[in-house]
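Since the structure comes first, as structure tokens, the remarks are kept for the end.
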Amino acid sequence: MTQELTTSLATEPARSSESPGWWRDAVIYQVYVRSFADSDGDGIGDLRGVRERLPHLAGLGVDAVWLTPFYASPQADGGYDVADYRAVDPLFGSLGDADDLVRTAHELGLKVIVDVVPNHSSDQHPWFREALADRPGGAARARYHFRPGRGAHGELPPNDWESVFGGPAWTRTTDPDGTPGEWYLHLFAPQQPDLDWDSAEVRAEFDSVLRFWLDLGVDGFRIDVAHGMVKAAGLPDIGHTEQAKLIGSQVLPFFDQDGVHEIHRSWRRLLDSYPGDRIGVAEAWAPTAERLALYVRPDELHQAFNFQFLKCPWDAVAMRQVIDESLAATGSVGAPTTWVLSNHDVVRHPTRYADGSPERGLARARAAALLTLALPGSSYLYQGEELGLPEVTDLPDELRQDPAFFRTSPDGQDGQGGQDGFRDGCRVPLPWTRSGKSHGFGPGGSWLPQPDTWSGLSVEAQTGDPDSTLELYRGALALRRELPGLGDGAMSWLQAPAGVLALSRPGFVCTLNTLGEEIELPVPGRALLSSAPLTYEAGTVCIPPDSCAWWAI
Ligand code: GLC
């Protein structure tokens with residue numbers, strides 16, 4: 001490798017000089033509330049549990065916490081089915097607990113982002129109950145998508161759309177006299193009816209919900225299914241099946257419609273009307289980096305999750321291409337890029353990268369963490385990745401809760417569970433201590449069993465062990481705060497052998513070896529941190545397989 005710059009310079013995100021904003025390079029830690037820490041021993045994580053463990057996050061060195069939904073909900077989809085947007089579900093605590101959590105986080109210097117779920121409500125939301133009780137065409141039905149069925153007796157769904165969780169996206173209702181009635185749209189589970197954002201009432205209600213949480217002091221929102229709130233006029237057929245496979249690669253009549261941007265613009269105005277930098281981050285699956293960038297134009301949301309990188313295979317050429325495309329697309333609208341390796345909806349990245357070898361998966365995951373934390377922009381960490389937790393792949397079917405599992409069977413019928421994995425395996429509660437009934441998750445058990453091997457992966461076991469993944473993250477986050485060249489700003493690629501990525505930032509170089517064998521390079525500078533031990537020979541350094549190193553220059 002030489003220190004010479006190549007011509008392919010990644011674009012420098014335009015940084016607003018007046019107010020760069022904390023979020024432009026924030027490291028944001030996702031807390032899946034149900035699985036983070038349980039204060040009362042019912043086996044389910046809760047807000048008090050989160051509050052008690054906030055010092056772990058402050059000590060880890062993150063800037064903000066994103067809390068997944070803790071609102072009143074029948075929990076048909078882990079709380080992404082909200083029955084009351086202003087209430088805390090008793091499972092997770094009370095409004096007072098939410099208030100305490102936000103205050104404590106702020107005292108510790110942590111911002112708090114909460115989820116908002118505007119694409120759909122729960123079927124137990126008072127609005128949906130009213131809608132069911134109303135007549136076809138009635139005002140209460142106009143808040144959702146009710147339609148008559150097709151076929152001679154309305155026995156066929158109104159169109160061919162499929163639920164993301166499998167099966168049709170429509171469920172037929174029963175009229176008060178017991179006869180089959182209209183159908184309603186649910187892009188996810190039947191317990192999650194889609195709201196109709198053409199309704200002025202729906203828009204006004206969500207403005208009020210956002211204000212409620214902003215008034216309580218939250219620093220922003222992660223907007224669930226931000227790409228889905230507007231559907232193509234007339235709800236046209238798609239014309240083929242297996243539509244879920246097209247999400248993120250094609251514009252579908254139910255996702256990534258241009259009309260969603262007007263809603264996000266109006267939310268931006270609302271956020272800007274509050275003091276401080278309150279942010280909106282879009283969970284948006286868009287087919288290209290360019291379409292994703294539309295969500296983060298200057299008058300829209302602040303960030304959007306960059307799932308293109310999450311989906312990228314462990315391959316230097318592919319990774320470099322995604323990095324360049326992501327930076328160019330967000331840079332063109334002056335927004336920061338986000339880097340995400342895992343979340344509560346995907347297989348944890350040590351397992352995704354494993355290719356049959358858990359050791360290799362962990363090595364790559366550690367390297368990927370250093371790579372992404374060295375890139376310009378903001379990073380999202382999913383709880384447990386700082387411990388190197390793998391996906392749990394052997395959960396008994398009877399303990400699973402993910403609705404996608406139950407709706408996807410070989411024959412497409414409910415109740416069978418046709419595939420392995422799904423989303424429970426990344427939601428197993430965190431191990432905090434080596435021993436104890438639930439490894440310190442709480443005083444009781446844990447809603448999903450933790451593998452015995454997690455004892456050695458616990459926060460307790462890894463703390464103070466310089467080779468542990470936890471200390472690697474702590475070290476990386478501390479350096480990221482310290483080094484002015486990291487975070488927001490420019491980067492460029494350095495020449496490197498095939499399979500190796502070398503990127504340069506002011507005063508800093510990061511080298512990633514994606515190959516299965518070690519590689520020898522001229523020493524780039526003073527080693528700051530590496531995901532695997534480096535060895536030196538006169539003027540050269542051996543970068544181990546599947547590893548990443550940070551250098552001061
Ligand atoms: C988002 C959430 C996911 C949820 C879905 C429906 O994709 O991340 O967990 O199931 O929306 O709300």
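Atoms within a ligand are numbered from 1 in the order they appear, just like the ligands themselves. Side chains are part of it too, since the values below use all heavy atoms of this structure and drop only hydrogens, waters and symmetry mates.
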(request) Could you tell me which atoms of ligand 1, counted from 1 in the order shown, lie closer than 4.0 angstrom to a heavy atom of Arg427? (result) 9 (O)
(message) I'd like to know if Arg222 contacts ligand 1, where contact means a heavy-atom distance under 4.0 Å to any ligand atom.
(response) yes
(request) Among all protein heavy atoms, pick out the one at the shortest distance from atom 9 (O) of ligand 1; state its residue, atom name and that distance to 0.1 Å. (result) Asp345 OD1, 2.7 Å
(request) Would you mind listing which atoms of ligand 1 come within a distance below 4.0 Å of any non-hydrogen atom of Arg423? (result) 3 (C), 4 (C), 9 (O), 10 (O)
(message) I'd like to know if Arg278 pairs up with Asp272 as an ion pair, taking the criterion as any Lys NZ or Arg NE/NH1/NH2 lying under 4.0 Å from an Asp or Glu carboxylate oxygen.
(response) no
(request) Return the residue, atom name and 0.1 Å-rounded distance of the protein heavy atom closest to atom 11 (O) of ligand 1. (result) Asp224 OD1, 2.8 Å
(request) Show which atoms of ligand 1 fall inside a sub-4.0 Å distance from at least one heavy-atom site of His120. (result) 6 (C), 12 (O)
(message) Any salt bridge linking Asp115 with Arg222? Criterion: basic side-chain nitrogen under 4.0 Å from a carboxylate oxygen.
(response) yes
(request) Determine, for Arg143 against Glu130, whether the closest basic-nitrogen to carboxylate-oxygen distance falls under 4.0 angstrom. (result) yes
(message) Under 4.0 Å between a side-chain nitrogen and a carboxylate oxygen: does that hold for Arg423 and Asp345?
(response) yes
(request) Find all atoms of ligand 1 within a distance of less than 4.0 Å from any non-hydrogen atom belonging to Phe165, and give their numbers and elements. (result) 10 (O)
(request) Heavy-atom contacts with Val225 under 4.0 Å: which atoms of ligand 1 show up? List them by number with element. (result) 11 (O)
(message) Heavy atoms only, cut-off 4.0 Å: how does Phe305 contact ligand 1, side chain, backbone, both, or neither?
(response) neither
(request) Measure the distances from the heavy atoms of His227 to every atom of ligand 1 and state whether one is below 4.0 angstrom. (result) no
(message) Between Asp194 and Lys231, is the salt bridge (charged side-chain N to carboxylate O under 4.0 Å, His left out) condition met? List the steps.
(response) CA-CA 10 Å; Asp194 278 53; Lys231 278 73 180 173; 2.7 Å; yes
(message) Taking Arg86 first and then Glu205, would you say they form a salt bridge - that is, a charged N and a carboxylate O separated by under 4.0 Å?
(response) yes
(message) Checking a contact table here: which protein heavy atom is nearest atom 7 (O) of ligand 1, and how many Å away?
(response) Glu283 OE2, 2.7 Å
(message) Closer than 4.0 angstrom, basic N to acidic O: yes or no for Arg268 and Glu300?
(response) no
(message) For atom 5 (C) of ligand 1, what is the closest protein heavy atom, and at what distance to 0.1 Å?
(response) Phe188 CE2, 3.8 Å
(request) For the residue pair Tyr32 and His344, categorise the inter-ring angle as parallel (less than 30°), tilted (30 to 60°) or perpendicular (more than 60°). (result) parallel
(request) Please write down residue, atom name and distance for the protein heavy atom closest to atom 4 (C) of ligand 1. (result) Asp77 OD2, 3.3 Å
(message) Salt bridge or not between Asp46 and Arg51? Use side-chain N to carboxylate O under 4.0 Å.
(response) no
